[in-house]
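Below is one structure, written out as structure tokens; the observations come after it.
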Amino acid sequence: MAASLSARPPRGFVQFLFNRKAFCTSHDLQQLSSVSASTERSVSVNDKGQEIVIPRKKKRDSLSVLRALASTVKRDPDSPHYKYVDDPFLIPTSSLAKRSNALSRESGRKAARYILENYSQWFNENPAEPPVDDFMPPKLAYTHTEPTEAALIERIEKRRVNDAIEVYKKAKQGNVEFSDSTCRQFLELLCVYNAQDPPVTMMPEEFYFRKDLGHETKRPSKTWKDDGMAERVFDELQEKSIEDQQNLIRGMARYLQTDKAFAMYDEMMEKKLPVHLLTFNELIRVATFHHDTYETKWKQVESLLMDMQLCGVEPDLTTFNNVLFSLSRVPYFRLAPSLLLQTLNEMKKLGIEPSLTSWKHSLVVYYPNDNADSNLLYKIMDYLEGKELTLQQPEDAEFFVTAMKRCCVNHHDVELAFRIDRLLNTGKNAELIGDSRLENMYYSFFLRLVCMLETMDRIMEVYQRVTPHLWTPNLSVLDELLKAVELQDGFQYLPLIWTDLLLFDFQRRAELLEKLLSLMAKQKQEDTLQSQYSHIAGQLLERFKDEHGDQRPTPLSTGPMVGHLITIAENSTDHDLAWDVFDTYCNNKNAFSGPPSDDAMKSLVAGCLERGDSEKAMAVVSFMESVEMAGTGEAVQMILDSDQVLLSQSQRDMLANI
Amino acid sequence: MGCGKKTQFAGVCSWSGESTTVVTSVDNMIRQGIVRLQKATLSDITRAWLGIQPHCSVWHSTSLLSNAKKTGHESGQGSSSSSDSDSDPEKGGGGVDQKLKEAAERVARSVPDHGSTVQSDLLKQLQSVAKLSKDQANGTPSSGAASSKVSNLLSGMQIQKPSPKTRADDGDFMQGQRGTERPPRGQFVARRPPQQLHREKVKLFEGAALNIFTTTDTAQSSDVQAETKTVERRGVSLWEKVEQEQLDMFRHVPPTNAFEEMIQWTKEGKLWQFPINNEQGLDKESKCGFHQHVFLEDQIQDFPHRGPIRHFMELVLVGLSKNPYLTVPQKHEHIDWFRQYFIEKQDILEEALGKDGLIRSAEAK
């Protein structure tokens, strides 16, 4: 218990105290006391003349107990994510259900916030002691409403750009003078947000699903407002300080008004003004948007770096990541790979540790398309093996997807894929998987590769570890899985896959279900398995009868599926089921697209003959004839040849006509 | 030279077919263009500027040259073929060969709108390139103007790319997975098929670095760093704040168990902190010692020392000292209220009690 209470590795003496073991011998005491590393300790001597060293009290903050407890709980692959935990029937397993579940919970929270903001008069009494600020309505109203300087400052602080612009315009009309510092702050605000309101901060789940909801922008494009508010305010400043110019440069660079940004930057350089690190970072990031040829783009980046050196500004991780980003935008540049390596060496020289973003950009440069071949990914994995990674920049989250994609598409190497997966699962790296779309792509690539190249057992091991709670597969993965089952005779897993289809809500996907049933019907399996198959067939038929009666869409929807069901039933010698299926089919022909296969019909006829039921056999054959199946002749022959059935003369006549 | 030329060449480059939109071939084109300019024959120049292929049908497909008469076209072609024989790099200082001049005129004639500018531009360029090639042939360092003009010319050209293609992410990822099975979309057809790229064996962290930055000694650099940081960081700028907030958005992970949820709530201030401290949140209160609550006699120093008022106030103090629900300022306020009340009623009290009724009497003494 004590071990879990202390989040950090326990000092020898403290552990001794709390362990309910017998007292240590003096020898142990001395060993233990030599382990603790604090410098100032109170040393006392006990009656045996030995030193007892009392270590200093550790400062624990308010979260350490909880953190210690949380560290004892690991992710259980067989249980759903914490946010989905609920009544077992209500736990979502299909991807659509997961998304709706998470988003609907969050929309409830959002609604609560909305009420708190808009009906704040009902929430002003807060009896909690000490008061909880989060439950109090937020103070959205402005204290200053006339166009004064204080009003402008208030709006700048609250980052309400549009309101600030209004106040500014009104004040200018009313000839109110603003102090320089206010104008500067205003300019900074305008440059950061390009003279429009900052985007509404999304709630966590919304943010996680933002790409599925269509919130993410695709291509970077120039959005800077030329001759907009920012430039106006800049022009109206009497003294354009270095900070102001840099703010404007940064704003223009960020919103891709590269011509003006670089023009201003060149001016500043000519006047030998000191330029800040942030400005350099922004400019390096957009250098590739400024010029047209690879050479000039790289030259621009290089000259910026040299200017940094001249100005004595120390680069940091962001600088180099932006350099790598610029390189990743020109992956076909013939010098790009060598320049990339040189940049990494430079980072090493300066003692800056490359982050996941750097590795991601390196991958983009070395694998610009799906046919590139390189050993960079291996080297990167060697370097990163076993490391605990943290998110230092938003683009770090794209590393794992890119790595897995390149491993699967360019290298087709399963071992490497497992290595990447192991890296993802060390420590807390799983947090770096990014949002839902990136996660989907990662697992999709991973599982497809595994299905293509691994043995059945290994495949199912990985498959069962990952689904359904860690991730829900999509159609392409299940396709590959069924292919693997077919190739590797993994028929014993088909019932599991069927239940998974139900879980993931794919049972109404006709192609997938057809493929599954065709595999089930392929050959006669041993008894238990076959009986499971026939049970599934029975279930499908039951469902059909239920749902078709209620006019609801049902999984059993095509003729070939019916054929497979018949075959499965016959294989498990459940002739009644087979006949039931056939009967249902004949009665509801318009519910099915396509006819059952020949072999299925023939096996049905064979089944009928075994039972000695000539009526049914006749019915089947006449159906086959009506649909003009190719196997009708053979079926007729089968009936005529069989010695288990006595045919009446009318039946013989009918058969002769066919 | 200037803008006229620029726009003209913009037009020219845009109909150099789909192939030039792929940047490597544009790169090549420019390199070849530079090389060919140095040979300074009109045919080569026009070919380079018009997009490499000498037999391109570019004359037909643009508005700029759509009015080119057949004769002009033929003569243009004829001139280009005839001037092949004039592949004489040496043109003399400043002077340009007569045949080249005539060829330039013919080109200018075939361009309907901008004839005169075309001619003068071509001739100017021919002259400068002639000079440049002469310098370089002689091995003398050429003046920056000539060589830089060439690169300026070409760097000023705008390369028109086609309209942005498919969405980047999905297109790349999706195409990767299907390989050749999926039929290429319309835009993909225009692209050349992905080439086989072999990047040589990579060794991380070995070999040359950019060598732009130098590591200064640790002592110096830390001083300089400290200085620059104090000078430039007069508080975290809005840029950094915004980035930090964005990063926090990305870093946010939904809790994976109840403990993590409790951690989140504790951070938001919604949950008691462990180990439980009954006085959590009561910071002001923790700063006041108990003596301020209990020993309140000095608050009634200016009340009379005897009499019913004093008696009354002492009882009030006893009550207050036993009251655990009020804060110290609230208790002082309570006493203050009484003070004000008695001051208001001073006249009546003085009548009734004499000196024992006055509050200010202690001060006056």
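Here is the naming used below: chain letters follow the sequence lines, and residue numbers restart at 1 for every chain. As the structure is a prediction and not an experimental result, all values here were calculated from the model.
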| request: Would you mind checking which part of A:Leu391 comes under 4.5 Å of any heavy atom in chain B, side chain (CB onward), backbone (N, CA, C, O), both or neither? | output: both
| field | Side chain, backbone, both or neither of A:Arg406 within contact of chain B (heavy atoms, under 4.5 Å) | value | neither
| Would the number of heavy atoms belonging to other residues, nucleotides or ligands and lying under 6.0 Å from NZ of A:Lys428 be above 12? | no
| request: Supply the atom-to-atom distance A:Asp134 CG to B:Glu268 CD, rounded to the nearest 0.5 angstrom. | output: 5.5 Å
| Within-4.5 Å side-chain heavy-atom neighbours: A:Pro130 and B:Trp272 | yes
| query | Rounded to the nearest 0.5 Å, how far apart are CG of A:Asp396 and CZ of B:Arg251? | reply | 9.0 Å
| remark: CG (A:Leu69) and CD1 (B:Ile263) are apart, to the nearest 0.5 Å, by 8.5 Å
| message | Please classify the contact between A:Cys191 and chain B as side chain, backbone, both or neither, with a heavy-atom cut-off of under 4.5 Å. | response | both
| request: Flag the one option from B:Lys267, B:Glu243, B:Met249, B:Gln246 with the top tally of heavy-atom pairs under 4.5 Å to chain A. | output: B:Met249
| Is there a donor-acceptor pair under 3.5 Å between the side chain of A:Arg75 and the backbone N or O of B:Thr256? | no
| message | With a 4.5 angstrom heavy-atom cut-off, is it the side chain or the backbone of A:Tyr193 that approaches chain B, or both, or neither? | response | side chain
Identify each donor-acceptor pair in which a side-chain atom of residues 273-284 of chain B lies under 3.5 Å from a protein atom, sequence neighbours left out, and give them as a table.
unit_1: B:Asn277; atom_1: OD1; unit_2: B:Glu279; atom_2: N; d: 3.1
unit_1: B:Gln280; atom_1: OE1; unit_2: B:Gln273; atom_2: N; d: 2.9

| field | Reported OH-to-CZ distance for the pair A:Tyr82 and B:Phe259, which is rounded to 0.5 angstrom | value | 9.5 Å
| Top residue by heavy-atom pair count (under 4.5 Å) with chain B, among A:Gln185, A:Glu302, A:Met202, A:Arg254? | A:Arg254
| note | The ring-ring contact (aromatic ring centres under 6.0 Å, His included) partners of A:Phe186 (sequence neighbours excluded) come to A:Tyr168
| query | Given A:Leu376 and B:Leu204, is the side chain to side chain contact (heavy atoms under 4.5 Å, CB included) satisfied, shown in steps? | reply | CA-CA 8 Å; A:Leu376 181 72; B:Leu204 281 180; 4.1 Å; yes
| request: Identify which part of A:Phe135 has an atom lying under 4.5 Å from any heavy atom of chain B, answering side chain, backbone, both or neither. | output: side chain
| request: To the nearest 0.5 angstrom, please state how far the CD atom of B:Glu245 sits from the OG1 atom of A:Thr201. | output: 8.5 Å
| message | Report which part of A:Tyr84 has an atom under 4.5 Å of a heavy atom belonging to chain B: side chain, backbone, both, or neither. | response | neither
| field | Pick from A:Leu432, A:Asp382, A:Val132 with the largest number of heavy-atom pairs that fall under 4.5 Å of chain B | value | A:Val132
| field | Contact origin within A:Pro274 toward chain B - heavy atom pairs under 4.5 Å | value | neither
| query | In terms of heavy-atom proximity below 4.5 Å to chain B, should A:Lys379 be classed as side chain, backbone, both, or neither? | reply | both
| request: Check the pair A:Arg159 / B:Val242 against side chain to side chain contact (heavy atoms under 4.5 Å, CB included), numbers first and verdict last. | output: CA-CA 11 Å; A:Arg159 302 201 203 159; B:Val242 167; 3.9 Å; yes
| query | Would B:Glu261 and A:Lys83 pass as an ion pair if we require N to O under 4.0 Å? | reply | no
| request: Start with the C-alpha distance between B:Trp239 and A:Asn247, add both sets of side-chain angles, then the distance that settles side chain to side chain contact (heavy atoms under 4.5 Å, CB included), and finish with yes or no. | output: CA-CA 9 Å; B:Trp239 296 90; A:Asn247 277 331; 2.9 Å; yes
